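Computed from a predicted structure; not experimentally measured. Numbered from 1 within each chain, the chains take letters A, B, ... in sequence-line order.
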2 protein chains.
Amino acid sequence: MTQPDMPTPPWERPPRRRTPARVPLTRERIVDAAYTVLDREGYDRLSMRQVAAELGVAVSALYVHVRDKGELLQLMYNRMFEGYELPDPDPGRWREQIRDFARQGRRRLLSHRDAVKISLGRVPFSPELLPHVEKLLAVFAAAGLPREVMAIAGDLLSTYLDGFVLEEVLWQDRYPESGGKAPQEMREEIQGYFASLPPDRFPNLVALADIMVDESNDYRFELGLEIILRGLASYIAGPDPDEES
Amino acid sequence: MTQPDMPTPPWERPPRRRTPARVPLTRERIVDAAYTVLDREGYDRLSMRQVAAELGVAVSALYVHVRDKGELLQLMYNRMFEGYELPDPDPGRWREQIRDFARQGRRRLLSHRDAVKISLGRVPFSPELLPHVEKLLAVFAAAGLPREVMAIAGDLLSTYLDGFVLEEVLWQDRYPESGGKAPQEMREEIQGYFASLPPDRFPNLVALADIMVDESNDYRFELGLEIILRGLASYIAGPDPDEES
DNA sequence: AGTTTACCCTGAACACTGTTCAGTTCCCAA
DNA sequence: TTGGGAACTGAACAGTGTTCAGGGTAAACT
């Protein structure tokens, strides 16, 4: 409504505030602080009091801007989607586009400590996030998926995303703050655990010990993704019936 | 060990306890009580104090039998798998067997309120649960899946299970205790929400409004499952190349 | 100018949570 | 009868989310 960049005419009183005194609290600043606390303390110790302390403010001040801790978490969830890139659907490249989407999602979930635990039980159906869902659906539609498959494909993908990343960070959490060389030690220990099982009772687990906890989470992620993509592709009544026949 | 129904011979000291006094606390009884509380109060209100109250016992008594609330939750998780039926692998029927496994899992996750929230971040790698994992892997192995695919297939399936059921119960929770006719109202409201979106900006969402929140969660579940199964099947160098050709 | 209004924030409180620990109680064995 | 030892109690501690009556400041009005 007002045009903030216009110079103030001299007959109007100049704005009183010479020093900004206190930077006013905003939802954005609160979410920023919350992410700072999350990265430092982890999800379990992310409390309203910690966030308030981070801002140098009383706890109750937060409740002026945010109804709930639940709402704060929802705001943090929304932020995960800011700047998400979803290209315009290209029927010929739908697999690559979905792959990009998933990789981007995983990267974001890993970019803040325990971010996945916030994402976990949430569904991107708030007004701010619906455009993202719509774009994803558009990719599916362009690919030629049937309606019913489209309606479940998004769930399938996002549950895989959340679930996979959650498992990733759980393994990390179980070996907490072991410093830098933790991953190596960790993996050897877990591999050792599986490999040391009685092979007569657990032949498959023993045989897979090397892969199940493997250094290349990336590879396992891509493989799971590929399985989903192949499953989806099988529903496309393709004009290209040249399937290995 | 003892035979409780035999009369006590008079030369033996009759058991001192005329009144059974206290039934001793056991892990089993604690888990029972915890499930009672869970069903009545939901996951968020499942507290050690509530469990203790359910048993008519002081809170601290629980900690004699259980290290943690975390351990209690783990015990509850383990119980979900008791009586799980996993048949011996039958290469010709691996799809049906996996389907059964998933359906059974969903049924169990829905059989107690919020049970899925306990399952969520957990991985069935405790000693009691490894046999189940092994059996599932055996089915995959019999199907002829490559090693790497086997190693991710379990994750894929269980994250889909947890994720799908979680979404199911979240929708229910958002319309809390609305009595019996809630589902109908609920669905209409949600469908209305999606259907009322501006169709120019959300064409796909609007078009799918009827399916996305549909009465047949069962159907959507089966479809997602089928997508996974088809994806897995595509990795089988099948001796049966009679795919719809 | 002085007064009022409106807002943002403070401090304290409430009802919870998980967990610990010094004691009490009680049963079984010697 | 007399331990001994396990099982349980009651109280406490530190922390949680949330509310609410009150400050204190800055703008708005008379």
Side-chain angles (χ1 to χ4, degrees), chain A residues 1-2 4 8 11-31 33-34 37-38 40-76 114 117-118 121, chain B residues 1-2 4 8 11-31 33-34 37-38 40-76 114 117-118 121:
Chain A
M1 309 303 178
T2 65
T8 311
W11 58 87
E12 279 191 8
R13 269 184 305 167
R16 184 68 64 84
R17 54 177 69 168
R18 27 215 79 170
T19 60
R22 283 185 293 226
V23 193
L25 227 46
T26 61
R27 286 167 154 245
E28 270 62 30
R29 286 191 59 218
I30 293 177
V31 174
V37 173
L38 184 69
R40 187 183 349 111
E41 307 279 346
Y43 182 79
D44 293 335
R45 317 190 68 143
L46 170 63
S47 71
M48 298 301 271
R49 278 170 166 90
Q50 294 261 14
V51 175
E54 183 68 30
L55 290 161
V57 125
V59 210
S60 37
L62 301 180
Y63 287 85
V64 178
H65 304 269
V66 147
R67 178 194 311 274
D68 257 340
K69 186 183 183 181
E71 189 177 86
L72 175 52
L73 291 173
Q74 181 70 43
L75 292 175
M76 296 176 78
D114 285 353
K117 293 188 182 171
I118 293 178
Chain B
M1 308 307 177
T2 64
T8 311
W11 60 88
E12 276 191 10
R13 267 187 308 165
R16 184 67 63 83
R17 54 177 69 169
R18 23 216 80 165
T19 60
R22 284 185 293 225
V23 193
L25 227 46
T26 62
R27 287 166 153 246
E28 268 50 322
R29 286 192 58 219
I30 293 178
V31 173
V37 174
L38 184 69
R40 187 181 352 110
E41 308 279 346
Y43 182 79
D44 293 336
R45 317 189 68 146
L46 170 63
S47 72
M48 299 301 270
R49 276 170 167 89
Q50 293 262 15
V51 175
E54 183 68 29
L55 291 162
V57 124
V59 210
S60 38
L62 301 180
Y63 286 85
V64 178
H65 304 268
V66 147
R67 179 195 309 276
D68 257 340
K69 185 181 183 183
E71 189 177 85
L72 175 52
L73 291 173
Q74 181 70 41
L75 292 175
M76 296 176 78
D114 285 353
K117 293 189 182 170
I118 293 178

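- To the nearest angstrom, C1' of dT16(D) lies 15 Å from CZ of Arg45(B).
- Between Leu46(B) atom CG and dT16(D) atom C1' the separation is 16 Å, expressed in whole Å.
- Distance, Met48(A) CE to dC9(C) P: 13 Å, rounded to whole Å.
- Inter-residue side-chain proximity for Asp68(B) and Gln74(B) is flagged as unmet; no heavy-atom pair is nearer than 4.5 Å.
- For the pair Tyr43(B) OH and dG18(C) P, the computed distance is 10 Å after rounding to whole Å.
- The stretch residues 60-69 of chain A touches DNA chain C through Ser60(A), Ala61(A), Val64(A), His65(A), each having a heavy atom within less than 4.0 Å of the strand.
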> Reading DNA chain C 5' to 3', how would its secondary structure be written in dot-bracket notation, given Watson-Crick and G-U pairs with both distances under 3.5 Å, brackets [ ] for crossing pairs and | for partners on other strands?
Replying inline: |||||||..|||||||||||||||||||||
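- Note that CE of Met76(A) is 9.5 Å distant from NZ of Lys69(A), once rounded to the nearest 0.5 Å.
- Here the side chains of Val64(B) and Leu25(B) are not in contact, with every heavy-atom distance at 4.5 Å or above.
- The closest side-chain heavy-atom distance from Leu46(B) to Leu73(B) is below 4.5 Å.
- Residue contacts shown for Val59(A) include a base, since a base heavy atom lies under 4.0 Å away.
- With a 4.5 Å cut-off on side-chain heavy atoms, Leu62(B) and Leu72(B) do not count as touching.
- Taking atom CG of residue Leu72(B) and atom C1' of nucleotide dT17(C), one finds them 15 Å apart after rounding to whole Å.
- For the pair Leu55(A) CG and dT10(C) C1', the interatomic distance rounds to 15 Å; values are reported in whole Å.
- In this structure, Arg29(A) CZ and Glu54(A) CD are separated by 10.5 Å, a value rounded to the nearest 0.5 Å.
- Remark: the Arg49(B) side chain and the dG18(C) base include a donor-acceptor N/O pair separated by less than 3.5 Å.
- Atom CZ of Arg40(B) is surrounded by more than 12 heavy atoms from other residues, nucleotides or ligands within 6.0 Å.
- If you take CG of Asp44(B) and C1' of dT18(D), they are 15 Å apart, rounded to a whole angstrom.
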